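These notes concern the structure reproduced below.
Order of the sequence lines fixes the chain letters, A, B, ..., with proteins taken first and strands second; residue numbering starts at 1 for each chain. Given the structure is predicted, the values throughout are model-derived calculations rather than measurements.
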Number of protein chains: 2
Amino acid sequence: MKKIVLERVGDVVRALGSGPRLELLEHVSQGERSVERLADAAGLSVANASQHLLKLRAAGFVRSRRDGKAVMYSLADPSVTELVAGLFRHAERTQAEIRAIVADSFGRLDRLEAVSRSELIGRLEEGAVTLLDVRPEDEFALGHLPGALNVRLDQLEARLAELPADREIVAYCRGPYCVLSFEAVAVLRSKGFTVRRLEDGYPEWLAAGLPTESAERAL
Amino acid sequence: MKKIVLERVGDVVRALGSGPRLELLEHVSQGERSVERLADAAGLSVANASQHLLKLRAAGFVRSRRDGKAVMYSLADPSVTELVAGLFRHAERTQAEIRAIVADSFGRLDRLEAVSRSELIGRLEEGAVTLLDVRPEDEFALGHLPGALNVRLDQLEARLAELPADREIVAYCRGPYCVLSFEAVAVLRSKGFTVRRLEDGYPEWLAAGLPTESAERAL
DNA sequence: CAATCATTCAAGCGATTGATTGAAGCATCG
DNA sequence: CGATGCTTCAATCAATCGCTTGAATGATTG
């Protein structure tokens, strides 16, 4: 009896224990999207992505609904984001290999200088910062932090004029392991801007129950 | 690069996705013990338990140290308990099969009537409750809630005289899925005692950083 | 220093999982 | 109402995982 429960919980946990599925989950947590777009974002074949998404759904991490000919997947519950974030934190803390890669490719300093969510809230209330969302337009449209300016990373150098030179900028993207905001910080600093990263990203903001804006109709 | 990190995190998560390993982890979180005793507690062969424990160690969930000829395993970090508890909550919330088994075998009512940790702390401060630890003596000796009385479930009926008839009793054991305290409540109620369960157990109390007592020397 | 004991390693087997391909559902749109 | 397009199912093969068995390691004990 107890063994059955443990085995079932094991099934649920195992559904998370796969690189492709963790990546799909990261993309799903940006907002509701079709199988095809998720497959594209994660670099998987549509059939393969579909299978992975079905497993995530069976394990209760995402849910789906039919919209015309497309099936739209979205996060089952905001608490999933926190659960997954906890697992990433644990893995980064205990796995030397992950720490090494993270330290290498993301840069130790940028991590330490990141702005926490609570600090950002305080600074936003003071009106002291400009928020910069460096994700693609479609993810921005699905939802973003209130008042954020959206400039895709590859357009950043062309649109520097839109950014304030005399205010601090806080850049964010998909989450703590998303490289977009790291690169945005590097680019902007080299141009003389005052800029820091948000330590996590949009999904964590959403999961914390904080207000968001969206260009499309509410979910 | 990112794929490597995701794959490694997947490895870590997969280390948790196994019934036997979840059971071993539950026993480890009661306190430090040798491979042999853990194998016995989980009903596994020693070699098999050793392999599972090595995987849990590689994934950073437990740690080991040599003590004479025995290797003692203990939880790597109290936060592991919370992480695992979060996964169990998610699984119970989303998996109909688990909900059914839990509702069946543990009893819906007892779950609702369980005492939360914060409520228990309040009642302990009032001096209004007697704590009853129904785990085996060896687990009790490794650590227990302050002032708790230890009476193993199978001795409960023989030692009723040690329990107060006019005060509320709160029984606890290994955690929210441990049957011992459910059965203790059933036995004691049938004898006319006022008794409720703690909603979780000793490991969660420990992970919350609350004070404990132990018969052996501190870890 | 050799014997002993708990644990870990190594190899092998059966069972399960992941990715690929092609075909089948299913809801819309003309 | 049949055609279209997105998604899921089914079948396949390679790869991995879990458990068992038997030997090796490492630290103690006489």
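- Annotation: side chain of A:H144 is not in contact with side chain of A:T212 (no heavy-atom distance under 4.5 Å).
- Separating the NZ atom of B:K69 from the P atom of C:dT7 is a distance of 11 Å, rounded to the nearest angstrom.
- Within 4.0 Å (heavy atoms only), B:R21 reaches sugar-phosphate atoms of the nucleic acid but no base atom.
- At least one side-chain heavy atom of B:L75 sits under 4.5 Å from a side-chain heavy atom of B:L25.
- One atom, NZ of B:K55, and another, P of D:dC19, lie 8 Å apart when rounded to the nearest Å.
- Following rounding to the nearest Å, A:R33 (CZ) and D:dC6 (C1') show an atom-to-atom distance of 17 Å.
- Annotation: A:F88 is in aromatic contact with A:Y177 [ring centroid separation under 6.0 Å].
- Put simply, CE on B:M72 is 13 Å from P on C:dA6, counting in whole angstrom units.
- In this structure, A:R57 and A:R14 both approach DNA chain D, and ranking their closest nucleotides by distance from the 5' end singles out A:R57.
- The side chain of B:S50 approaches C:dT8 more closely than any other nucleotide in the set D:dG18, D:dT7, C:dT8.
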Side chain to side chain donor-acceptor pair (under 3.5 Å) between A:R93 and B:S79: does it pass, once the steps are laid out? CA-CA 11 Å; A:R93 203 167 56 229; B:S79 69; 3.0 Å; yes
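- Look at CG on A:L56: it is 11 Å from P on C:dG18, rounded to the nearest Å.
- Residues B:Q51 and B:V35 both approach DNA chain C. Their nearest nucleotides, taken by heavy-atom distance, put B:V35 toward the 5′ side.
- Checking D:dT20, D:dT8, C:dA19 against the side-chain heavy atoms of A:P20 singles out C:dA19 as nearest.
- Side chain of B:E36, nearest nucleotide from C:dA6, D:dT20, C:dT20: C:dA6.
- Using a 4.0 Å heavy-atom distance criterion, A:S34 is classed as a sugar-phosphate-only contact.
- Between the P atom of D:dT7 and the OH atom of A:Y73 lies a distance of 9 Å, rounded to the nearest Å.
- When each of C:dT20, C:dA19, C:dT7 is scored by its nearest atom to the side-chain atoms of A:H52, the top-ranked nucleotide is C:dA19.
- Rounded to whole Å, atom P of D:dT25 lies 17 Å from atom CG of B:L54.
- Nearest nucleotide to the side chain of A:R66, out of C:dC26, C:dT7, D:dG18: C:dC26.
- Between B:E92 and B:R89 there is no salt bridge, since no side-chain nitrogen of the basic residue lies less than 4.0 Å from a carboxylate oxygen of the acidic one.
- Contact annotation: B:N48 side-chain N/O to D:dT20 OP1/OP2 distance is under 4.0 Å.
- Regarding A:L44, its CG atom lies at a distance of 13 Å from the P atom of C:dT21, rounded to whole Å.
- Side-chain atoms of B:V71 lie closest to C:dT8 of the nucleotides D:dG18, C:dT20, C:dT8.
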